[in-house]
Amino acid sequence: MSELKHLTVAQMKAGQSGLVVEIGVGRGMKRLEAMGLRPGKRITKLSGMFGQGPVTVQIGGSQLAIGFGMASKIIVDVS
């Protein structure tokens, strides 16, 4: 049985999936919920720039590009 670990979306590697556990507070974070990114949803990180570039994630059939700051506030259980 694999062990779950908490990572932020910014820390995940491209291709990794997990369940969103928590979304931090901050400017623009409520918009993510309106776009379908909320606790309990499974997401997959598609790409990210090294350092502080944008991060692309897939939620269901949708893809979202979010800033590095936002990606650093989204906690995911990765198996």
Side-chain angles (χ1 to χ4, degrees):
M1 187 164 137
S2 62
E3 189 175 314
L4 294 177
K5 61 182 177 178
H6 292 310
L7 294 176
T8 66
V9 172
Q11 295 170 326
M12 293 170 67
K13 295 179 180 160
Q16 267 187 315
S17 296
L19 289 176
V20 176
V21 175
E22 182 181 336
I23 298 177
V25 296
R27 186 174 168 200
M29 299 304 283
K30 286 284 186 193
R31 258 184 288 151
L32 294 178
E33 193 171 321
M35 291 186 273
L37 198 149
R38 58 181 60 95
K41 288 285 195 171
R42 175 164 286 286
I43 67 168
T44 302
K45 182 174 179 178
L46 299 177
S47 66
M49 303 288 282
F50 182 75
Q52 296 201 3
V55 176
T56 307
V57 295
Q58 182 169 352
I59 306 160
S62 301
Q63 291 183 11
L64 296 176
I66 57 177
F68 186 84
M70 284 184 166
S72 298
K73 294 179 182 179
I74 303 167
I75 309 295
V76 179
D77 263 340
V78 180
S79 53

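The shown structure was predicted, so the numbers you read here are calculated from the model rather than taken from an experiment.
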How about [X] and [Y]: do any of their side-chain heavy atoms sit closer than 4.5 Å?
| X | Y | value |
| --- | --- | --- |
| Ser62 | Met35 | no |
| Pro39 | Ile23 | yes |
| Leu7 | Ile75 | no |
| Val9 | Ile43 | yes |
| Gln63 | Thr56 | yes |
| Ile74 | Thr8 | no |
| Met12 | Val76 | yes |

So CZ of Arg42 and CG of Leu19: to nearest 0.5 Å the spacing works out to 4.5 Å
Return the OG to CG distance between Ser17 and Leu46, rounded to the nearest 0.5 Å.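 The CG atom of Leu46 is 8.5 Å from OG of Ser17, to the nearest 0.5 Å.
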Would Val20 and Arg38 count as a side-chain contact (heavy atoms from CB on, under 4.5 Å) if you check the C-alpha gap in whole Å, the side-chain angles of each, and the deciding distance to 0.1 Å?
CA-CA 7 Å; Val20 176; Arg38 58 181 60 95; over 6 Å; no
Kindly determine whether Met70 and Met29 satisfy side-chain contact (heavy atoms from CB on, under 4.5 Å), including the steps that lead there. CA-CA 7 Å; Met70 284 184 166; Met29 299 304 283; 3.6 Å; yes
Side-chain donor/acceptor of Gln16 to backbone N/O of Gly18, under 3.5 Å:
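Side chain of Gln16 to backbone of Gly18, a donor-acceptor pair under 3.5 Å: no, none is there.
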Keeping the roles fixed (side chain from Lys45, backbone from Ala10), state whether a donor-acceptor pair exists under 3.5 Å. yes
- Message: side-chain contact (heavy atoms from CB on, under 4.5 Å), that's the test. Do Ile59 and Leu64 meet it? Break it down for me.
- Response: CA-CA 8 Å; Ile59 306 160; Leu64 296 176; 3.4 Å; yes
